[in-house]
There are 2 protein chains.
Amino acid sequence: MLNQTPDLDRLFHALADPARRAMFERLSRGPAPVSELARPLPMSLPSVMQHIGVLEAAGLVRSEKFGRVRTCSIEPGALSLAEQWINARRQEWECRLDRLGEYLKTMENGEDDNGRVD
Amino acid sequence: MLNQTPDLDRLFHALADPARRAMFERLSRGPAPVSELARPLPMSLPSVMQHIGVLEAAGLVRSEKFGRVRTCSIEPGALSLAEQWINARRQEWECRLDRLGEYLKTMENGEDDNGRVD
DNA sequence: CGTTTGGTTAAGCATATGCCTAACTATCAG
DNA sequence: CTGATAGTTAGGCATATGCTTAACCAAACG
């Protein structure tokens, strides 16, 4: 639960780029070599490599070299950290609405009239 | 379903910063004025304003000015786009594992030996 | 061997990001 | 009106990001 802040930074930052998301989407349908990830993208190979670096640093993708071809694949559970954070937010949000609901209900019977809502 | 790519860019980019996530976390517990969002953060007010701008541009936060105080609040459903994308990825991933499982099962009985996996 | 193929390294450049300070506006309190 | 409070605008600066081209390396192919 502690200070995973830099991990979330890297994770969300990695996902904040269309090229990187495209690669990740491709990989979620199965492993692929670098050149296949590069093919649909309108950029040079070195750029693609940099993006792969970012995805790996974020723990989203793993890659291994066999012979001269580097095969990339999804790191399973890679997105769970992001998911957890989002769910935690939703839960806080809903919890707050519940408290608000409770409060409004106590207002209904026995109006005590010295409160404000937002 | 189409071309929400720039939206996802803005969304994930907005979440990729610890200060912005901190603000969003605070707001998911209820609305707050700018100065309250700023208090725990180690930076100047103008910087905070910029972060709020990013959060608003991403559709994560809304803000309105009453008198001289600007009150910020969560945009409900703000995270749903991110959630959708993540879920879609997981689904593709699982679907792929299913296909792989099917394939392995057909291999078990009646070995036909001319296929490759990955 | 020599060549193609797949990837990598290095260096450089343009733009974006994140932060700051200083100056300014607008509201509220006395 | 005067001063304090809340926020805003403007300008500038340092670093990060995303991309490029030009070499370079190493496995495969003929």
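Computation of the quantities below employed the complete heavy-atom set of this structure, encompassing side-chain atoms and omitting hydrogens, waters and symmetry-equivalent molecules. Below, chain A is the first sequence line, B the second, and so on; all start at residue 1.
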So, does B:H51 get its side chain near the phosphate of C:dC19, meaning an N or O under 4.0 Å from OP1 or OP2? yes

B:R26 side chain to B:L37 main-chain N or O, any donor-acceptor pair under 3.5 Å? no

Between CD1 of A:I52 and P of C:dT9 the distance, given in whole Å, is 12 Å

Would you mind reading off the distance between B:R39 atom CZ and D:dG7 atom P, rounded to a whole angstrom? 10 Å

In whole Å, what is the span from the CZ atom of B:R20 to the C1' atom of C:dC19? 12 Å

Where do N or O atoms of nucleotides 4-6 of chain D meet protein N or O atoms at under 3.5 Å, pair by pair?
unit_1, atom_1, unit_2, atom_2, d
D:dT5, O2, B:R68, NH1, 2.4

Determine the interplanar angle of the A:F12 and A:W85 rings, folded into 0 to 90°, and report it as parallel if under 30°, tilted if 30 to 60°, perpendicular if over 60°. perpendicular

With heavy-atom distances below 4.5 Å as the criterion, would you say the side chains of A:E64 and A:R70 are in contact? no

Got a second to check how far A:L27's CG is from A:S63's OG, nearest 0.5 Å? 10.0 Å

Interatomic distance, A:L55 CG vs D:dG18 P [rounded to whole Å]: 11 Å

Just how far, in rounded Å, is C1' of D:dA27 from NZ of A:K65? 9 Å

Could you tell me how far apart B:R10 (CZ) and C:dT17 (C1') are, to the nearest whole angstrom? 16 Å

Quick one: do the A:R89 and B:S28 side chains pair a donor with an acceptor below 3.5 Å? no

Closest of C:dT9, C:dT17, C:dT21 to the A:P46 side chain is C:dT9

Between P of D:dT20 and CG of A:L41, the distance in whole Å: 11 Å

Assign each of A:H13 and A:M43 to its nearest nucleotide of DNA chain D by heavy atoms, then name whichever residue's nucleotide is nearer the 5' end. A:H13

A:F66 CZ - D:dA26 C1' separation (whole Å): 17 Å

Want to settle it: does A:S47 or B:Q50 sit nearer the 5' end of DNA chain D, counting the closest nucleotide to each? B:Q50

Determine whether B:R20 and B:L55 make a side-chain contact, defined as any pair of heavy atoms from C-beta on separated by less than 4.5 Å. yes

Taking the side chain as everything from C-beta on, heavy atoms only, tell me whether B:E75 gets closer than 4.5 Å to B:V61. no

